[in-house]
Amino acid sequence: MRKAFTYLVIIMLLAFASGFIYKSNTKNQQVLSFKIDTLAENLTVPWQITFLPDRSMLFTERTGKVRHYRNGKLQEKPVLIVNDIKAESKTGLLGMVIHPDFAKNHLIYIAHNYGENNALWLRVVRYEYKNDTLLNPKTLIEKIPAARNHTGCRLVFGPDKKLYITTGDADQPVRAQDLKTFNGKILRLNDDGSIPSDNPFIKSDTARKEIWSYGHRNPQGLAFQPGTNKLYETEHGPTGGDEVNIIEKGANYGWPVIHHQDAKAGMKSPIFEYTPSIGPSEALFYVGKAFPTLQGNLLVGCLRGESILNIPLDKPSEQEVFLKKQFGRIRSVVVGPDGFIYISTSNFDLPESKGERPYDMILRLRPSTDKTVFASSQQITANNKSDLVKNTSQNMFKQLCASCHGDKLQGTEAVRSLIGGKFNYGSDKKSIVKTITDGVVAKGMPAWNGAISKKDIDGLADYILSATH
Ligand code: HEC
């Protein structure tokens with residue numbers, strides 16, 4: 001009797017143990033066996049990597065250079081130096097894409113910031129690639145409002161051969177809802193810069209006809225899903241609240257009226273939302289032979305999260321991040337013609353850059369059977385059902401204001417501390433309500449009128465008073 005019981009216990013223990021082994025041996029661990037090659041280093045924010053049909057690689061550096069990596073070597077002479085550029089904080093030469101018929105027409109598109117009339121803007125320029133240089137620039141669109149942190153800038157061509165361009169809200173949240181401005185939009189153009197006749201606002205007299213979707217804060221990832229041709233987008237949220245959206249023609253994605261997991265009729269909520277922030281940058285559907293288990297997954301380069309997010313869309317509860325904190329902030333993620341994954345780091349970004357990694361790199365990830373080079377992976381939870389935090393003024397402040405003011409109003413690089421009641425624009429409630437409503441736009445304080453209700457502004461003013469005194 002006793003013996004039988006002992007056996008039973010042993011069998012139970014074995015079952016438990018083997019369950020454990022099975023669990024830690026998920027499909028993902030086999031995927032995450034990489035060999036990592038450093039292709040180029042000592043770079044300054046290589047923002048976009050792209051491949052040419054001859055299998056060589058071009059990439060932008062934020063300071064204004066387009067660089068060429070060919071035959072296993074970074075070419076010393078840049079393919080292009082953009083002089084008319086405003087490169088500070090996170091702006092400069094950012095997006096780049098080649099024409100889907102590049103082999104025939106040699107066209108390349110870049111997006112860069114520039115200064116004019118004391119303001120920061122974004123323009124998209126088309127070049128011809130010839131004899132290792134970029135020639136015949138043609139500006140396709142310009143005067144897109146920009147700001148140090150919110151300037152969008154991802155360029156992709158769709159299966160429809162149209163050019164899609166993301167723009168940031170340029171620190172003017174309310175304008176993301178305004179169809180007369182380019183702030184916080186996804187734009188869609190023909191390859192020559194003209195406006196496609198099937199754009200959603202083509203017949204509107206009051207909207208910019210270039211607009212494809214609106215209500216965005218700072219979208220930096222765009223990827224068409226092979227097979228379905230659905231357009232997936234990643235977007236930086238205000239404080240957490242980072243998003244993955246599916247973009248539909250003419251749709252409103254809600255910023256700043258809704259954010260995080262809010263929902264409202266006529267506005268789209270994200271399919272996945274991430275709090276705390278992961279800082280989603282480039283998004284990409286993996287297609288290639290090198291990593292069979294990643295096939296069809298959405299990969300997202302993460303800045304704040306210092307990792308790559310892997311989303312198996314058929315099993316979104318099995319999302320995970322890998323390469324966490326191994327190379328710092330990750331900006332560009334692309335698949336090479338060999339099916340390997342190429343990534344760039346973004347460690348020169350201010351103010352995040354703390355000088356711990358005073359360099360940027362382009363890395364190549366190859367599969368490896370060597371168990372010792374497993375890259376660590378970690379489960380991550382995306383919020384896609386409403387387990388909303390309570391809608392208190394304090395939470396609202398955390399979500400909308402803390403990125404500039406600090407969560408306890410202690411200040412950040414952008415704004416000085418308001419603790420102790422040190423206000424410039426009046427410390428009585430009426431003045432605070434007025435500042436929040438109208439903003440101090442020239443100094444970087446957005447006007448919130450129209451984005452949040454009068455009642456919410458009132459609540460925010462009360463919260464600010466209680467937190468600073
Ligand atoms: C994009 C950055 C940014 C965001 C987001 C932001 N602010 Fe500000 N805010 C500023 C800046 C910059 C100033 C300082 C302007 C100055 O000193 O001239 C400021 C000033 C203020 C002031 C006036 C302080 C004074 O000295 O009188 C109040 C009140 C305030 N913000 C409230 C808010 C609230 C409430 C929110 C969220 C709903 C918010 N801010 C979101 C940048 C921001």
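The first residue of the sequence shown is numbered 1, and numbering continues consecutively from there. One-based numbering, in listed order, for ligands and for the atoms of each.
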Original post:
So, for Tyr342 and Phe59, is the gap between ring centers shorter than 6.0 Å?
Top reply: no
Subject >> Polar atom proximity, Tyr425 to ligand 1 (N or O, under 3.5 Å) >> reply: yes
Original post:
Quick one: does Arg416 get an N or O within less than 3.5 Å of an N or O on ligand 1?
Top reply: yes
Original post:
Heavy-atom contacts under 4.0 Å between Met396 and ligand 1: side chain, backbone, both, or neither?
Top reply: neither
Subject >> Asp171, any N or O under 3.5 Å of ligand 1 N or O >> reply: no
Subject >> Donor on one side chain, acceptor on other, Glu210 and Asn199, under 3.5 Å >> reply: no
**OP:** Indicate, as side chain, backbone, both or neither, the part of Ile457 found under 4.0 angstrom from ligand 1 when only non-hydrogen atoms are considered.
**Re:** neither
Subject >> For Ile436, the ligand 1 atoms whose distance to one of its heavy atoms is below 4.0 Å >> reply: 32 (C), 35 (C)
Subject >> Ala414 and ligand 1 - part of the residue with a heavy-atom distance under 4.0 Å >> reply: backbone
Original post:
What do we get for Asn424 next to ligand 1 when only non-hydrogen atoms under 4.0 Å count, side chain, backbone, both or neither?
Top reply: both
Original post:
So is Ser403 polar-close to ligand 1, meaning N/O to N/O under 3.5 Å?
Top reply: no
**OP:** Over 60° means perpendicular and under 30° means parallel, so classify the ring planes of Tyr286 and Phe291, tilted if in between.
**Re:** perpendicular
Original post:
Between Phe397 and Tyr463, how do the two ring planes meet: parallel, tilted or perpendicular, split at 30° and 60°?
Top reply: tilted
